[in-house]
Amino acid sequence: MGEQLAGKQAGKQAMKQYDVITALDICVDLIVKGDVVPRFNQQEQLVDGYYLEMGGAACIFACQCAKLGLSTLGVGVAGRDLFGELALQRLKECGVDINSVRVCDSLRTGLGIALCKTNDRAILTYTGTIDAVEPGWVEEKLPFARHLHIASYYLMSSLRPHWERLAAYAKTCGLTISLDTNWDPSERWNGIFELSPYIDLFMPNDSEVMAITGEKDAFRGMEKLSGYFKNVVMKMGEKGAAIISNGKFLHIETITVELVDAVGAGDSFNAGFLYGWLNGLSLEDCLRIGCFCGSSNVTSQGGIKGQPGLEDLKKLQGIKLNSFIQTK
Ligand SMILES: Nc1ncnc2c1ncn2[C@@H]1O[C@H](COP(=O)(O)OP(=O)(O)O)[C@@H](O)[C@H]1O
Ligand SMILES: [Mg+2]
């Protein structure tokens with residue numbers, strides 16, 4: 001009898017073939033730099049440079065998870081076009097499981113065109129495949145994962161009405177859940193507090209904390225949010241990151257690096273933090289790994305090129321590596 005029970009539990013464990021599952025906002029970013037303010041009437045103007053890279057907060061997050069060795073399932077849609085091929089190639093190279101990505105004939109791959117001046121940028125977004133994930137596709141995979149990360153909460157608006165139900169179901173399947181909404185273009189910040197009972201890690205940046213709470217001081221805003229969320233993890237760019245967990249506050253500095261661009265820093269941070277958290281490391285070590293991933297990210301163009309792998313992480317001083325669980 002005892003043996004039977006142990007066998008059943010082992011079976012339940014074995015079903016969890018993924019450490020992390022996330023719904024992907026598949027798109028590419030075209031970043032154009034220089035004299036980028038368009039002059040109409042068919043004028044041609046020369047720019048300084050450009051680059052094209054896979055974008056999407058969830059995609060960048062998934063890549064960083066996989067690079068750190070977490071077994072990561074992405075559920076998404078790619079267009080049957082060159083940009084879709086690029087995004088799929090990047091996800092695959094980084095080690096993300098893309099067996100649950102559908103390639104679609106009728107949708108074009110999402111595109112963000114960022115026009116970057118020295119101190120400002122404008123972004124033109126074509127949604128396409130970004131918002132094409134169906135809730136049932138996520139639902140059917142939830143029992144096989146340990147953790148659900150919800151990214152791009154506002155851009156993936158078709159999924160938004162379903163997250164509460166999906167999160168409740170994820171809980172019955174034993175998953176922990178993290179949420180990084182990113183900025184809400186409507187600035188209404190609807191839906192967050194309804195989801196809060198299911199969220200183990202809420203991961204906004206400081207601007208988002210201030211916008212959600214109406215507080216001018218991000219730390220005070222964080223305190224307010226900690227009344228709703230078990231753990232509030234706040235990213236603060238070059239000022240590092242902080243957490244309030246069970247009333248305990250901790251802030252750590254990030255690593256000083258030469259900034260190339262900040263695309264994806266928060267998403268890489270999330271993955272690094274989560275890597276530590278899923279491995280049962282201290283909150284301080286989770287923040288340190290998050291900052292390590294975020295700061296490495298900003299040293300290269302785009303969201304994935306600068307992301308560290310597990311070997312780079314091992315160089316981080318003072319983290320007790322022997323406590324890391326082998327995830328594969
Ligand atoms: N200029 C920077 N120098 C060093 N680290 C940075 C820099 N910008 C971001 N980071 C790291 O990346 C993390 C996330 O970046 P942040 O810009 O706060 O998130 P988001 O992209 O969500 O706005 C920060 O907590 C920090 O550790
Ligand atoms: Mg962010």
Side-chain angles (χ1 to χ4, degrees), residues 22 24-25 27 29 31 53 55-65 67-68 112 114 116 118-121 123 125 130 149-156 178-185 187 189 192 199 201-212 218-219 221-222 225 231-244 249-277 283-308 312-313 316 319:
T22 195
L24 299 175
D25 43 0
C27 63
D29 288 337
I31 316 286
E53 187 50 278
C59 293
I60 293 169
F61 163 84
C63 285
Q64 179 66 89
C65 285
K67 283 185 182 182
L68 293 177
C116 303
T118 320
N119 294 320
D120 198 7
R121 60 181 174 168
I123 303 169
T125 300
I130 293 175
H149 180 69
I150 305 171
S152 276
Y153 180 71
Y154 291 106
L155 274 189
M156 299 175 84
S178 48
L179 170 68
D180 179 354
T181 62
N182 271 336
W183 191 258
D184 175 10
E187 298 192 28
W189 305 99
I192 296 179
I199 303 301
L201 299 168
F202 184 45
M203 313 186 89
N205 66 21
D206 45 4
S207 317
E208 288 151 7
V209 166
M210 290 188 282
I212 294 165
F219 290 119
M222 206 188 165
L225 290 173
N231 297 288
V232 180
V233 184
M234 181 170 78
K235 293 159 280 181
M236 306 164 64
E238 58 187 5
K239 295 196 282 309
I243 184 168
I244 298 182
F249 172 82
L250 197 64
H251 171 213
I252 73 152
E253 311 258 308
T254 185
I255 300 157
T256 306
V257 291
E258 205 156 308
L259 172 82
V260 175
D261 81 46
V263 175
D267 311 309
S268 296
F269 172 97
N270 294 343
F273 184 97
L274 190 62
Y275 178 79
W277 198 71
L283 295 176
E284 186 178 349
D285 282 350
C286 295
L287 287 175
R288 285 185 62 205
I289 299 172
C291 286
F292 179 64
C293 294
S295 61
S296 304
N297 179 310
V298 306
T299 59
S300 296
Q301 280 188 334
I304 50 175
K305 201 165 159 220
Q307 289 175 333
D312 305 304
L313 190 60
L316 202 57
I319 303 268

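Quick note: residue numbers are just sequence positions, from 1. In each ligand, atom 1 is the first atom listed, and ligand 1 is the first ligand listed.
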Worksheet item: Quick one: are Ile60 and Gln307 in side-chain contact, heavy atoms under 4.5 Å?
Response: yes
Response to the item:
The closest protein heavy-atom partner of atom 4 (C) of ligand 1 is Ile255 O, 3.3 Å
Discussion item. Would Thr254 count as being in polar contact with ligand 1, using the rule that some N or O on each side must be under 3.5 angstrom apart?
Written reply: yes
Item to complete: Mark yes or no for whether Asp25, through its side chain, and Ala57, through its backbone, hold a donor-acceptor pair below 3.5 Å.
Response: yes
Worksheet item: Counting each atom of ligand 1 from 1 as listed, which ones have a heavy atom of Val257 under 4.0 Å away?
Response: 3 (N), 4 (C)
Item to complete: Enumerate the atoms of ligand 1 whose separation from the nearest heavy atom of Gly240 is less than 4.0 angstrom.
Response: 24 (C), 25 (O)
Worksheet entry | Spacing of Gln64 atom CD and Phe273 atom CZ [to the nearest 0.5 Å] | 14.5 Å
Discussion item. If the cut-off is 4.0 Å to any non-hydrogen atom of Met236, which atoms of ligand 1 fall inside it?
Written reply: 18 (O), 25 (O)
Worksheet, complete the sentence: In terms of heavy-atom contacts, Leu283 and Leu250 come closest through C-CD2, 4.2 Å
Discussion item. Looking at ligand 1, would Asp180 count as a contact under a 4.0 Å heavy-atom criterion?
Written reply: no
Worksheet, complete the sentence: Judged by heavy atoms only, the candidate from Ser207, Gly237, Ala265 nearest atom 6 (C) of ligand 1 is Gly237
Worksheet item: Which ligand 1 atoms does Asn205 reach within 4.0 Å, using its non-hydrogen atoms?
Response: 20 (P), 22 (O), 23 (O)
Practice prompt. Check whether any side-chain N or O of Asn231 sits under 3.5 Å from a backbone N or O of Leu201 as a donor-acceptor pair, and report yes or no.
Written response: no
Item to complete: Evaluate the ring planes of His149 and Phe61, with Trp represented by its six-membered ring, and classify them as parallel (under 30°), tilted (30 to 60°) or perpendicular (over 60°).
Response: parallel
Practice prompt. Determine whether Thr181 and Tyr154 make a side-chain contact, defined as any pair of heavy atoms from C-beta on separated by less than 4.5 Å.
Written response: yes
Discussion item. Using a distance threshold of 2.8 Å, state whether an N, O or S atom of Met203 lies below it from the Mg ion (ligand 2).
Written reply: no
Worksheet, complete the sentence: atom 12 (O) of ligand 1 has as its nearest protein heavy atom Gly294 CA, 3.2 Å
Worksheet item: Which atoms of ligand 1 are found less than 4.0 Å from any heavy atom of Gly266?
Response: 14 (C), 15 (O), 19 (O), 20 (P), 21 (O), 22 (O)
Worksheet item: Are more than 12 heavy atoms from other residues, nucleotides or ligands located less than 6.0 Å from atom CD of Gln301?
Response: yes
Worksheet item: Which part of Thr256 is near ligand 1, with near meaning a heavy atom under 4.0 Å away: side chain, backbone, both or neither?
Response: neither
